[in-house]
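Structure, as structure tokens:
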Amino acid sequence: MAELIVALDFSKKSQALSLAKQLKNEVKWLKIGLELYTRYGPEVTKELKALGFNIFLDLKFLDIPNTVLGAVRSATALGIDMLTVHLLGGESMIRAALKGRELGQGENEHKPLVLGVTILTSLERKDLPWPESREISRVVLDLAQKGQNWGVDGVVCSAQELALLKAKLEPGLYYLTPGIRLDQKSDDQKRTMSPGEAVKLGANFLVVGRPITCAQDPVRAARLFQKEIHPATRR
Ligand code: C5P
């Protein structure tokens with residue numbers, strides 16, 4: 001069953017906690033990203049966890065293997081449920097991340113899912129530093145295939161690439177898709193899709209930020225997303 005994850009991209013902890021409390025009966029997963037984590041780090045992570053949410057720590061680690069090993073170990077020790085690393089970091093970095101998770105589990109029994117980021121959903125081919133090179137979907141497929149071989153639990157991609165990845169990769173990977181929109185309003189997300197379509201194509205986790213966090217009524221907005229994600233079970 002697909003899960004909606006609300007991205008708490010706030011610069012104030014009070015905003016994040018207040019929205020989390022409002023969404024208590026609407027979603028199980030929250031995302032903590034760079035903005036919130038850089039200011040409040042482990043403190044806000046623990047507070048949101050204490051409210052009963054599953055936490056997706058989306059810091060998209062990309063560094064030398066030894067540094068990423070340490071970062072993933074620290075994140076795992078915090079008790080979070082899922083985290084991201086950039087597949088562009090290469091095999092040694094990904095394997096170091098998985099080793100870091102193992103070490104972190106020694107400090108905290110919890111085993112977070114490690115997901116590999118392919119190409120950000122805010123990018124189109126012309127935004128890449130090498131636009132003259134391959135189609136974005138080919139680059140995504142290549143990275144995802146390598147990530148699967150290196151041992152990640154899942155990949156982050158645009159829902160527009162799901163059909164291709166599902167056809168070409170071995171089963172068993174989780175697919176997390178940001179850039180999910182109920183309408184096609186223009187913002188910085190370029191490779192977008194509706195929640196219903198993303199679920200049909202096989203997304204396991206759908207990350208939604210501004211369409212919920214900036215909505216006049218975030219609870220109502222979250223319900224609209226959930227209705228498309230779980231049409232049979234929601235009012
Ligand atoms: O506000 P919006 O719905 O665009 O938020 C999407 C969230 O998903 C943001 O928190 C962003 O950091 C995250 N994300 C993304 N593209 C990726 C990975 C994560 O947009 N490839």
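Remember, it's 1-based here, ligands and their atoms both numbered in the order they're listed.
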Atoms of ligand 1 less than 4.0 Å from [X] heavy atoms?
X	result
Leu120	17 (C), 21 (N)
Ala7	10 (O)
Arg210	1 (O), 2 (P), 3 (O), 4 (O)
Val208	3 (O)

Does any N/O atom on Gly209 come nearer than 3.5 Å to any N/O atom on ligand 1?
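Among all N and O atoms of Gly209, at least one is under 3.5 Å from an N or O of ligand 1.
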
Closest protein heavy atom to [atom], given as residue, atom name and distance to 0.1 Å:
atom	result
atom 17 (C) of ligand 1	Pro178 CG, 3.4 Å
atom 2 (P) of ligand 1	Arg181 NH2, 3.4 Å
atom 16 (N) of ligand 1	Thr121 OG1, 3.1 Å
atom 7 (C) of ligand 1	Val207 CG1, 3.8 Å
atom 18 (C) of ligand 1	Lys60 CE, 3.2 Å
atom 20 (O) of ligand 1	Gln189 NE2, 2.8 Å
atom 11 (C) of ligand 1	Lys31 NZ, 3.3 Å

Measure the shortest side-chain to side-chain distance between Ile212 and Val27 over non-hydrogen atoms and say whether it is less than 4.5 angstrom.
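The answer is no, as the side chains (C-beta and beyond) never meet within the 4.5 Å cut-off.
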
Are Leu201 and Met193 side-chain neighbours, meaning at least one heavy-atom pair lies under 4.5 Å?
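Yes, their side chains come closer than 4.5 Å.
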
For [X], does the [atom1] atom have more than 12 heavy-atom neighbours from other residues, nucleotides or ligands under 6.0 Å away?
X	atom1	result
Lys49	NZ	yes
Arg134	CZ	yes
Lys46	NZ	no

Check this for me: does any side-chain nitrogen of one of [X] and [Y] sit under 4.0 Å from a carboxylate oxygen of the other?
X	Y	result
Arg101	Asp153	yes
Glu26	Arg223	yes
Lys99	Glu102	yes
Asp142	Arg138	no

Report yes or no: does Gly33 have a heavy atom closer than 4.0 Å to ligand 1?
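Heavy atoms of Gly33 never come under 4.0 Å of ligand 1.
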
Have a look at ligand 1 and work out which part of [X], if any, has a heavy atom under 4.0 Å from it: side chain, backbone, both or neither.
X	value
Val156	side chain
Pro211	side chain
Asp9	side chain
Asp58	side chain

Has Lys24 got its NZ or CZ under 6.0 Å from the middle of the six-membered ring of Phe53, at an angle within 45 degrees of the ring axis?
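Relative to the ring axis of Phe53, which defines the angle, Lys24 lies inside both limits.
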
Measure the acute angle between the ring planes of Phe205 and Trp29, then classify it against the limits of 30° and 60° as parallel, tilted or perpendicular.
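Plane angle over 60°, so perpendicular.
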
